[in-house]
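Sequence lines set the chain letters: A, B, ... in the order given, protein chains first and strands last, and positions in each chain run from 1. Only heavy atoms go into these numbers, but all of them, side chains included; no hydrogens, no water, no symmetry mates. Just so it is clear, the model here is predicted, and its values are computed rather than measured.
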Number of protein chains: 2
Amino acid sequence: MDDRDWELLRHLQADARLSFSELSRRVHLSPPAVAERVRRLEETGVIRGYHAHVDLARAGWTVVALIRMSCYGPRCVLRDPEVREWPEVFEIHRITGDACCVLKVAATSMEGFERLIDRLAPYGRPSSTMVLSTPVAWRPVVPPPSGP
Amino acid sequence: MDDRDWELLRHLQADARLSFSELSRRVHLSPPAVAERVRRLEETGVIRGYHAHVDLARAGWTVVALIRMSCYGPRCVLRDPEVREWPEVFEIHRITGDACCVLKVAATSMEGFERLIDRLAPYGRPSSTMVLSTPVAWRPVVPPPSGP
DNA sequence: CATGAAAGATACAGGGT
DNA sequence: ACCCTGTATCTTTCATG
């Protein structure tokens, strides 16, 4: 991971559809050299994928919430592979503290959100926080500071 | 937004670097037709961008946390355009409840995390929850259910 | 939307430092 | 290990129907 790799990451995070040719111009390397570096970043797992970022609201998912789940031991959300397939569930983070995990979820209406809560309730006690807006939805990963 | 648009979104969310030609084969349309549909999805804001997804840990940001900020009125995090430029801050959500917003942040060490908390403290009382792991980091947006 | 041709990009070889 | 040039093949773009 040298400076050139970070430059490539910077550009691919801002626009994942940039061609190797365009990247090669921006980092002053030949297209094959760029292609090989990018392949290496993919294979070492630094790049986990390339995703089109779809606006939830414009796609019809107007209600967004964060749900802290206090799960009932063996019936935990983290232990059921089905929950992570529900289309309303977009992120699951295991966390420290008295709760077990946080879900980022969406619904098409408050009614749909209520039904989602009902489906989660068997796993544990859900504590919901509605997301009013998302001033920062995404920021690129930059090189970590080298010094202390 | 017809079925073909949703098919395109499905593929572009799974792999944002797919060529228009490859997409055209998958949705059974000509490449120019695909290109025009994708441009329309971009211009109407359904597609907000294409991002390479970088693994935080592999990039050196080993400590991840969610911070609920209870801000001091005018000194709120949401009102300061600087905070959203800090490299440690990856998401900001305005929320309901007694807190003002939730930040998803990362640091390269606990020491670095402590310093970040110190920098946030002037804006309000931070309540930190460490992220132990992220079983679901990302899921594609699918068409919302049509019926009630 | 589809077709077709020109311009551009990729992939893969081979060779250099 | 890393990079560059060559060329054949694929892709994008734009005009046209």
Side-chain angles (χ1 to χ4, degrees), chain A residues 1-55 58-60 137-138 140-147, chain B residues 1-62 87 108 137-138 140-144 146:
Chain A
M1 286 281 289
D2 58 10
D3 292 356
R4 281 235 181 73
D5 284 329
W6 276 110
E7 270 296 287
L8 290 171
L9 283 181
R10 188 168 69 81
H11 287 114
L12 284 173
Q13 285 184 96
D15 183 359
R17 285 181 68 73
L18 286 172
S19 67
F20 292 143
S21 301
E22 179 58 29
L23 287 169
S24 77
R25 275 173 233 125
R26 299 192 183 187
V27 304
H28 307 296
L29 274 159
S30 69
V34 167
E36 202 187 322
R37 276 174 178 266
V38 173
R39 299 278 173 245
R40 263 178 48 78
L41 289 168
E42 291 167 359
E43 276 158 22
T44 56
V46 176
I47 295 177
R48 292 193 61 135
Y50 305 94
H51 305 305
H53 179 189
V54 173
D55 186 296
R58 279 188 216 262
W138 178 86
V141 179
V142 298
S146 48
Chain B
M1 287 282 288
D2 58 10
D3 291 356
R4 282 237 180 71
D5 283 331
W6 275 111
E7 270 297 286
L8 290 170
L9 282 181
R10 188 168 69 81
H11 287 114
L12 282 173
Q13 285 183 96
D15 183 359
R17 285 181 67 74
L18 286 172
S19 68
F20 291 141
S21 301
E22 179 58 29
L23 287 168
S24 76
R25 275 173 233 126
R26 300 193 182 185
V27 304
H28 307 295
L29 252 79
S30 68
V34 168
E36 203 186 321
R37 275 173 181 267
V38 173
R39 300 278 172 243
R40 257 179 37 80
L41 290 168
E42 292 167 357
E43 276 158 22
T44 57
V46 176
I47 295 177
R48 291 192 59 133
Y50 305 94
H51 304 303
H53 180 188
V54 172
D55 187 294
L56 277 173
R58 279 189 215 263
W61 298 90
T62 51
T108 57
W138 178 87
V141 179
V142 297
S146 48

Whether E22(A) and R26(A) form a salt bridge (side-chain N of Lys/Arg under 4.0 Å from carboxylate O of Asp/Glu) is what I want to check. yes
Name the closest nucleotide to the L29(A) side chain, picking from dC14(D), dC1(C), dC3(D). dC3(D)
Is the shortest side-chain heavy-atom distance between V27(B) and V34(B) below 4.5 Å? yes
Stem finding on DNA chain D, please: runs of three or more consecutive Watson-Crick or G-U wobble pairs, both distances under 3.5 Å, sorted by first number. C:1-11 with D:7-17, C:13-17 with D:1-5
So, R4(A) and E7(A), do they make that salt bridge, N to O below 4.0 Å? no
Checking D15(B), L12(B), L29(B) against L23(B) for side chain to side chain contact (heavy atoms under 4.5 Å, CB included), the one that qualifies is L12(B)
Would you find a donor on one side and an acceptor on the other, under 3.5 Å apart, between the side chain of T108(B) and the backbone of W61(B)? no
According to a strict under-4.0 Å criterion, is R4(A) in side-chain N/O contact with OP1 or OP2 of dC2(D)? no
Would you kindly compare R40(A) and P31(A) by the position of their nearest DNA chain D nucleotide and give the one closer to the 5′ end? R40(A)
Phosphate OP1/OP2 of dC10(D): any R25(B) side-chain N/O under 4.0 Å: no
Heavy-atom side-chain contact between T44(B) and R58(A) under 4.5 Å: no
Whole angstrom is fine here: how far is it from CD in E36(B) over to C1' in dA2(C)? 12 Å
Return the value, rounded to whole Å, for the distance between atom CZ of R37(A) and atom C1' of dC2(D). 8 Å
From M1(B) CE over to R40(B) CZ, what is the distance, rounded to the nearest 0.5 angstrom? 9.5 Å
Any residue in residues 6-21 of chain B with a heavy atom nearer than 4.0 angstrom to DNA chain C? Just list them by number, or reply none. none
Less than 6.0 Å separating the ring centroids of W138(B) and H51(A)? yes
Is dG6(D) syn or is it anti, if syn means the base angle is within 90 degrees of 0? syn
Are any of R39(A)'s side-chain N or O atoms less than 4.0 Å away from OP1 or OP2 of dA11(C)? yes
Both conditions, 6.0 Å and 45 degrees, for the charged tip of R39(A) above the ring of F20(A): are they met here? no
